[in-house]
There are 2 protein chains.
Amino acid sequence: MTSQFAATQNDDHLEKTLDPVIGALVRDIIGKVADKWTMLILEALDQHGTLRFTEVGRQVGDISQKMLTKTLRQMEYDGLVEREVHPVIPPHVDYRLTEIGRELSDAFCGVWIWAERYQAQIEGARQAFDKRKAG
Amino acid sequence: MTSQFAATQNDDHLEKTLDPVIGALVRDIIGKVADKWTMLILEALDQHGTLRFTEVGRQVGDISQKMLTKTLRQMEYDGLVEREVHPVIPPHVDYRLTEIGRELSDAFCGVWIWAERYQAQIEGARQAFDKRKAG
DNA sequence: CAGTATCCCTTGGGATACTG
DNA sequence: CAGTATCCCAAGGGATACTG
């Protein structure tokens with residue numbers, strides 16, 4: 001804990017911080033999973049079921065090979081995707097969501113809908129903010 | 001578009017990428033909002049209603065003043081939080097969620113629940129991954 | 001095809017010090 | 001109290017080249 005906001009020890013009437021209720025592992029998981037590329041890949045695999053490496057990249061669109069590899073590895077590590085290698089030449093590798101990957105995709109669904117629904121309002125808020133600062 | 005996975009032009013039978021259906025602005029919004037600190041602050045303000053600058057930091061726990069300021073500014077810019085300055089000495093600044101901030105918090109709720117529910121399974125997947133690579 | 005390795009620049013993010 | 005400003009290091013992330 002190196003936070004500049006740690007509660008003082010004798011202030012025991014203070015409400016607890018998020019730490020105890022949320023837990024370090026959950027925070028770590030959120031840190032890994034609340035990521036743009038993860039969300040995009042989750043979405044792509046959720047829509048298409050099974051995709052090859054290159055197909056995932058094509059579906060996501062604007063992603064470099066490096067980030068695609070890295071994000072897929074992390075997702076595999078966390079058990080969100082299954083990776084199936086067909087030992088043929090040229091190589092053929094399939095990716096698909098696991099059960100918990102699908103569940104996470106479902107959980108993020110609400111966030112996608114939120115972003116879609118309020119994009120105009122967010123744009124408005126940004127312009128209002130700029131105008132406020134300028135004026 | 002600098003992706004290495006762009007569909008070739010004459011392959012018009014290919015399924016469309018996520019780009020047209022998701023949209024650049026929505027992707028940008030997700031990029032801003034799918035962030036560990038944003039999620040934690042959203043959660044803190046959702047639980048407590050209104051908090052002062054320092055209180056937000058204390059509730060989040062392990063956040064530096066720099067990231068707290070920066071994240072709160074971005075959230076204000078996007079219209080997720082309202083910032084109310086009381087012109088007194090010493091300064092007093094209140095933060096609270098806007099309507100769309102609360103909606104986003106709700107949308108993220110499913111992700112928190114997912115992380116909470118599957119943390120053991122994720123830990124298991126990680127250990128299995130390590131063992132697979134080691135063995 | 002499905003990567004890995006390298007280079008190199010940008011951003012994230014903590015620590016510390018200072019200010020109205 | 002609620003910030004800004006500065007320094008500095010680590011991680012993100014694109015481009016290119018190479019490999020089984």
Side-chain angles (χ1 to χ4, degrees), chain A residues 1-8 11 14 27-28 30-41 45 50-77 81-96 133, chain B residues 1-8 11 14 27-28 30-41 45 50-77 81-96 133:
Chain A
M1 168 74 78
T2 52
S3 168
Q4 290 134 56
F5 303 101
T8 50
D11 248 348
L14 283 171
R27 283 172 78 122
D28 169 71
I30 292 294
K32 296 289 159 47
V33 132
D35 167 74
K36 171 189 171 187
W37 298 131
T38 303
M39 286 185 67
L40 256 358
I41 292 176
L45 288 172
T50 296
L51 291 174
R52 300 177 61 167
F53 180 79
T54 313
E55 291 173 330
V56 178
R58 192 164 351 99
Q59 292 302 323
V60 170
D62 193 15
I63 187 171
S64 69
Q65 199 176 33
K66 176 177 170 181
M67 288 316 295
L68 182 57
T69 303
K70 190 176 177 183
T71 309
L72 281 171
R73 280 294 164 283
Q74 178 70 48
M75 292 173 75
E76 190 193 356
Y77 183 61
V81 300
E82 269 173 332
R83 178 171 175 270
E84 186 183 1
V85 182
H86 299 90
V88 295
I89 293 174
H92 182 135
V93 180
D94 282 329
Y95 290 91
R96 72 182 63 84
K133 297 302 153 183
Chain B
M1 168 76 80
T2 53
S3 168
Q4 290 133 59
F5 303 101
T8 50
D11 248 349
L14 284 171
R27 285 174 77 125
D28 170 70
I30 292 292
K32 296 287 158 47
V33 133
D35 168 73
K36 172 189 172 187
W37 297 131
T38 304
M39 285 185 67
L40 257 357
I41 292 176
L45 288 173
T50 297
L51 291 174
R52 299 177 63 166
F53 180 79
T54 312
E55 291 174 329
V56 178
R58 192 164 351 99
Q59 292 303 323
V60 169
D62 194 15
I63 187 172
S64 68
Q65 198 176 34
K66 177 178 170 180
M67 288 317 294
L68 182 57
T69 303
K70 190 177 177 182
T71 309
L72 281 171
R73 280 293 165 284
Q74 179 70 47
M75 291 173 76
E76 190 193 355
Y77 183 60
V81 299
E82 269 173 333
R83 178 171 176 271
E84 185 183 0
V85 182
H86 300 91
V88 294
I89 293 174
H92 182 136
V93 180
D94 283 329
Y95 290 92
R96 72 181 63 85
K133 297 304 156 183

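All values below come from the heavy atoms of this structure, side chains included, with hydrogens, waters and symmetry mates left out. In this text, all values refer to a predicted model and were calculated from it rather than measured experimentally.
Residue B/T54 places at least one side-chain N or O closer than 4.0 Å to OP1 or OP2 of D/dA2. At C/dG13, none of the side-chain N or O atoms of B/K70 fall inside 4.0 Å of OP1 or OP2 (strictly under the cut-off). For B/R52, a side-chain nitrogen or oxygen approaches OP1 or OP2 of D/dA2 to under 4.0 Å. Side-chain nitrogen and oxygen atoms of B/R58 include none within less than 4.0 Å of the OP1 or OP2 phosphate oxygen of D/dA2.
In this structure, A/L72 atom CG and C/dT4 atom C1' are separated by 15 Å, rounded to whole Å. One interatomic measurement links the two molecules: CZ of B/F5 to C1' of C/dC1, which rounds to 11 Å at whole-angstrom precision. Here the C1' atom of nucleotide C/dC1 and the CD atom of A/E55 are 11 Å apart, to the nearest Å.
Residues A/M67 and A/K70 form a side-chain contact, since some pair of their non-hydrogen atoms from C-beta on lies under 4.5 Å apart.
Distance from the side chain of A/R73 is smallest for C/dT4 among the nucleotides C/dA2, C/dG14, C/dT4. Each of C/dG12, D/dC1, D/dG14 was ranked by its minimum atom distance to the side chain of A/W37; first place goes to D/dG14. Among the nucleotides D/dG14, C/dG3, C/dC1, the one closest to the side chain of A/Y95 is C/dG3. Residue B/K66 has its side chain nearest to C/dG13 when only C/dC1, C/dG3, C/dG13 are considered. When distances run from any side-chain atom of A/Q65 to the nucleotides D/dA17, C/dG12, C/dA15, the shortest one goes to D/dA17.
Base-pair partner of C/dC18: D/dG3 (Watson-Crick or G-U wobble, both distances under 3.5 Å).
Mapped onto DNA chain D by nearest heavy atom, A/K36 and A/P90 fall at different nucleotides, with A/K36 at the one closer to the 5' end.
The shortest heavy-atom contact between A/A34 and B/M39 is CB-SD, 3.7 Å. Across every non-hydrogen atom of B/F53 and B/L68, the tightest pair is O-CD2, 3.5 Å.
Taking CG from A/D35 and CD1 from B/I30, the interatomic distance works out to 11.5 Å, rounded to the nearest 0.5 Å. Between the OH atom in A/Y95 and the CE atom in A/M75 there is a gap of 10.5 Å [rounded to 0.5 Å].
Contact annotation for A/P91: base contact, defined as any heavy-atom pair under 4.0 Å involving a base atom.
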